[in-house]
Q: 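My structure is below; once you've seen it, I'll send some questions.
Along the sequence shown, residues carry numbers from 1. One-based numbering, in listed order, for ligands and for the atoms of each. Nothing here was measured: the structure is a model prediction, and the numbers come from that model.
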Amino acid sequence: MRKKIAVLPGDGVGREIAKGAIAVLKAVGKRFGHEFSVEFAEIGGAAIDAHQTPLPEETLKLCRNSDAVLLGAVGGPKWDQLPSHLRPERGLLAIRKELGLFANLRPVIGFQSLLESSPLKPEIAENVNLMIVRELTGGLYFGKPSERRGENQEVVVDTLLYTKAEIERIVEKAFELAMIRRRKLTSVDKANVLESSRMWREIVNEKAKEFPQVEVQHMYVDAAAMKLVSHPRDFDVVVTENLFGDILSDEASMITGSLGMLPSASLRSDGFGLYEPVHGSAPDIAGKNKANPLAMILSAAMMLKYSFDLRTEAESIEQAVQEVLNAGYRTSDLQTAEGITVGTDQMIELVVQRIEEGSAISSIMGAYM
Ligand code: NAD
């Protein structure tokens, strides 16, 4: 198979970890006989410096002409003082909207070998395997432009706006994912307060008739926030609005012990996707060879699975990651009593080596579905 991938390293640690995803893809290509070509473009602060905009037209054009997009992270103190419409993070919101990436998938796994790194008790974090499906191009982050009103601007308005079609397509995606996982769907809303949540609930109930094998449960977002850290194993697929999903997925990320372990996929209905780690540009450790590259590497595995339907190849990456962790290697964000501390580059090398060695794939994780 030949595929062209747009790589947008972005800022801070984004540049260090993007290297890792590329090295891993090259190793997978060599082992399984595929050709992954990569082309680079700027986004975020780097794009502001070079082109005075966080999302240049050339970057969008490259993404549109590629088979998938890999993104590092954006942002940093250098650009913090810019007005909000010019900030690096605007580039992220804009690329998702421009490419129509409405479904954000964030798998959360309680890795056995990392249980010690989780702030949760091991008996709570172990065997967690859930997927948060966050609506990404609507809701509170994309309502009518926010505004301040009144003579002294003492009133402020943000709008949570959804069309029925926008809710239907994300809910359908979540049901499809539940069907290939454990067939349990939790829809998270605030239907006791918000009209948009009441419509969300109606649509979930309607869609459920098409997926009778899936067990459906509705949960208020405040209860979900509590249950995610008290009974995380009870969840399989969680589907929710943009803002709720943003908050809940960061909360759930702590189950794994580090933001540096969490990959994500943002998808369109036709399988095109943008893949990025959940974490930001980590300016406090940027340029120090300290960043954990595994979230980025696992995002590349998700790309193989969701955009290219290369499941065995994706599992070879997941397995390599699992083996490196089982062997005790840790970046500094994952300190455990007995780990061997390695830097970003060495962690990348270790995963690449495991892929090249090519042990039989036993789908230990099978989890980043
Ligand atoms: P962050 O995710 O960058 O960092 C939070 C903490 O986690 C830091 O202590 C950092 O060192 C650590 N961390 C993050 N990724 C890590 C990794 N791979 N390995 C080891 N440790 C890691 O969040 P922040 O500090 O709130 O934000 C920093 C910048 O990133 C801001 O400009 C913010 O707007 C931006 N941001 C971007 C994205 C994105 O690009 N998707 C997401 C969140 C934040």
Q: Kindly indicate whether atom 24 (P) of ligand 1 is approached by any protein heavy atom to under 4.0 angstrom.
A: no

Q: Within a radius of less than 6.0 Å around NZ of Lys61, do more than 12 heavy atoms belonging to other residues, nucleotides or ligands occur?
A: no

Q: For Lys164, which residues count as a salt bridge (charged side-chain N to carboxylate O under 4.0 Å, His left out) partner, sequence neighbours excluded?
A: Glu168

Q: Please check if a non-hydrogen protein atom sits closer than 4.0 Å to atom 9 (O) of ligand 1.
A: yes

Q: How far is atom 6 (C) of ligand 1 from its nearest protein heavy atom, and which residue and atom is that?
A: Leu259 CD1, 4.5 Å

Q: At the 4.0 Å heavy-atom cut-off, does Pro283 count as touching ligand 1?
A: yes

Q: Any idea which protein heavy atom is nearest atom 41 (N) of ligand 1, and the distance to it?
A: Leu92 CD1, 3.3 Å

Q: Does any N or O of ligand 1 fall below 3.5 Å from an N or O anywhere on Asp80, backbone included?
A: no

Q: Which residue and atom name correspond to the protein heavy atom nearest atom 38 (C) of ligand 1, and how close is it?
A: Gly280 CA, 3.4 Å

Q: Check whether any N or O atom of Gly76, backbone or side chain, sits under 3.5 Å from an N or O atom of ligand 1, and answer yes or no.
A: yes

Q: Counting heavy atoms only, which of Met261, Glu89, Glu276 is nearest atom 32 (O) of ligand 1?
A: Glu89

Q: Check Val74 against ligand 1 and report side chain, backbone, both or neither, counting heavy atoms closer than 4.0 Å.
A: both

Q: Starting from atom 29 (C) of ligand 1, what is the nearest protein heavy atom, named by residue and atom, and what distance separates them?
A: Ser281 OG, 3.3 Å

Q: Please check atom 34 (O) of ligand 1 for a protein heavy-atom neighbour under 4.0 Å.
A: yes

Q: Return the residue, atom name and 0.1 Å-rounded distance of the protein heavy atom closest to atom 19 (N) of ligand 1.
A: Asn292 N, 2.8 Å

Q: Are the side chain of Asp236 and the backbone N or O of Arg182 linked by a donor-acceptor pair below 3.5 Å?
A: yes

Q: Looking at ligand 1, does any of its N/O atoms fall within less than 3.5 Å of an N/O of Asp284?
A: yes

Q: Filter on side-chain hydrogen bond (donor to acceptor under 3.5 Å, both in side chains), then keep only pairs touching residues 258-269, sequence neighbours left out; what's left?
A: Asn104-Ser266, Ser258-Asp333, Arg268-Asp270

Q: Taking Asn129's backbone N and O only, do any of them form a donor-acceptor pair with Arg181's side chain (distance below 3.5 Å, no angle check)?
A: yes

Q: So if I apply the side-chain contact (heavy atoms from CB on, under 4.5 Å) rule between Met261 and each of Val108, Leu325, Ile109, Val278, which one comes out positive?
A: Leu325

Q: Could you check atom 3 (O) of ligand 1 against the protein and tell me its nearest heavy-atom contact, residue, atom and distance included?
A: Ala282 N, 2.7 Å

Q: Just to confirm my output: which protein heavy-atom neighbour is closest to atom 22 (C) of ligand 1, and how far is it?
A: Ile285 CD1, 4.0 Å

Q: side-chain contact (heavy atoms from CB on, under 4.5 Å) with Phe102: which of Thr137, Leu136, Leu267?
A: Thr137

